[in-house]
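What follows is one structure encoded as structure tokens, with my remarks underneath.
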Amino acid sequence: QVQLVESGGGLVQAGGSLRLSCASSGRTFSSYDMGWFRQAPGKEREFVAAISWSGGSTYYADSAKGRFTISRDNAKNTVYLQMSSLKSEDTAVYYCAAAITRGLPRRRYEYDYWGQGTQVTVSS
């Protein structure tokens, strides 16, 4: 069983930056591809970014390209999402997720474990 705990959310002004962290309690963290998703009020949960088990490959949603960076530290069992140039439309609850399936999954059903989420609010 893998437990994921997100942190780092908060209130930030438009144009600002935040770094989200997701810590895993599992000993097999380095074997999972990891992803970040977000869900705004009244909207579906959407894919943001994914990183391969080794950290060697990443994939981003169009909305995140050029502004967000996903990374991981397998020694610390942690995945990060560095967000910059934040916009009001980035306001959402952000979730990290772990996937047994490799290949930078981008769909919710491809992920096996989920965190509880952290709120990011961008004020304009």
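The residues of the chain are indexed from 1 along the displayed sequence.
- A distance of 11.0 Å separates CG in Asp90 from OG1 in Thr121, rounded to the nearest 0.5 Å.
- Shown here is Arg107, whose CZ atom has no more than 12 heavy atoms of other residues, nucleotides or ligands within 6.0 Å.
- Looking at every heavy atom in both residues, Cys22 comes nearest to Met34 through SG-CE, 4.5 Å.
- Exactly one of Ile70, Val48, Val5, Leu4 qualifies for a side chain to side chain contact (heavy atoms under 4.5 Å, CB included) with Cys96. That residue is Leu4.
- Taking all atoms of both residues into account, the shortest heavy-atom contact from Ala99 to Glu110 is CB-O, 3.5 Å.
- Between Tyr111 and Pro105, the shortest heavy-atom distance links the atoms OH-O, 2.6 Å.
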_For Phe68 and Trp36: C-alpha separation, side-chain torsions, deciding distance, then whether side-chain contact (heavy atoms from CB on, under 4.5 Å) applies._
CA-CA 11 Å; Phe68 295 2; Trp36 285 96; over 6 Å; no
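- At most 12 heavy atoms of other shown residues, nucleotides or ligands fall within 6.0 angstrom of atom CD in Gln3.
- In this structure, Thr101 OG1 and Asp112 CG are separated by 6.0 Å, a value rounded to the nearest 0.5 Å.
- Not counting sequence neighbours, the partners of Lys43 by the side chain to side chain contact (heavy atoms under 4.5 Å, CB included) test are Ala40.
- From Ser84, atom OG reaches atom CZ of Arg67 across 7.5 Å, with rounding to the nearest 0.5 Å.
- With rounding to the nearest 0.5 angstrom, the CG atom of Leu86 is 6.0 Å from the CG atom of Leu18.
- Contact annotation: the side chain of Ser63 never approaches that of Glu89 to less than 4.5 Å [non-hydrogen atoms, C-beta and beyond].
- Here Glu6 contributes atom CD and Gln119 contributes atom CD; the two are 12.0 Å apart, rounded to the nearest 0.5 Å.
- Because its NZ or CZ atom is both nearer than 6.0 Å to the ring centre of Trp114 and within 45° of the ring axis, Arg45 counts as a cation-pi partner of that residue.
- Both Tyr60 and Val120 are members of a single hydrophobic cluster when ILVMFWY side chains are connected at heavy-atom separations under 4.5 Å.
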*Chi angles and distances behind the side-chain contact (heavy atoms from CB on, under 4.5 Å) call for Thr118, Leu20*: CA-CA 8 Å; Thr118 185; Leu20 306 182; 4.0 Å; yes
Show me the donor-acceptor pairs, under 3.5 Å and distance only, between side chains in residues 75-82 and residues at least two apart or in other chains.
| residue | atom | partner | partner atom | Å |
| --- | --- | --- | --- | --- |
| Asn77 | ND2 | Gly26 | O | 3.0 |
| Thr78 | OG1 | Lys76 | O | 2.8 |

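- The main-chain N or O of Leu104 is found under 3.5 Å from a side-chain atom of Asp33 such that the two form a donor-acceptor pair.
- For Asp62 and Lys65, the salt-bridge test passes: some basic side-chain N is under 4.0 Å from an acidic carboxylate O.
- Distance check, rounded to the nearest 0.5 Å: CZ of Arg72 to OG of Ser30 gives 7.0 Å.
- Cluster annotation: Tyr113 and Tyr95 are assigned to distinct hydrophobic clusters (Ile/Leu/Val/Met/Phe/Trp/Tyr, side-chain heavy-atom contacts under 4.5 Å, transitive).
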*asked:* Walk me through whether Asn74 and Phe29 qualify under side-chain contact (heavy atoms from CB on, under 4.5 Å).
replied: CA-CA 7 Å; Asn74 286 343; Phe29 174 79; 3.2 Å; yes
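- In this structure, Phe47 has its ring center under 6.0 Å from that of Phe37.
- Hydrophobic clustering, with ILVMFWY side chains joined whenever heavy atoms are under 4.5 angstrom apart, keeps Val93 apart from Val12.
- Formation of a donor-acceptor pair under 3.5 Å by the Arg108 side chain with backbone atoms of Glu46 is not found in this model.
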*Mind running side-chain contact (heavy atoms from CB on, under 4.5 Å) on Gln13 and Ser124 for me, showing each step along the way?*
CA-CA 6 Å; Gln13 289 188 333; Ser124 57; over 6 Å; no
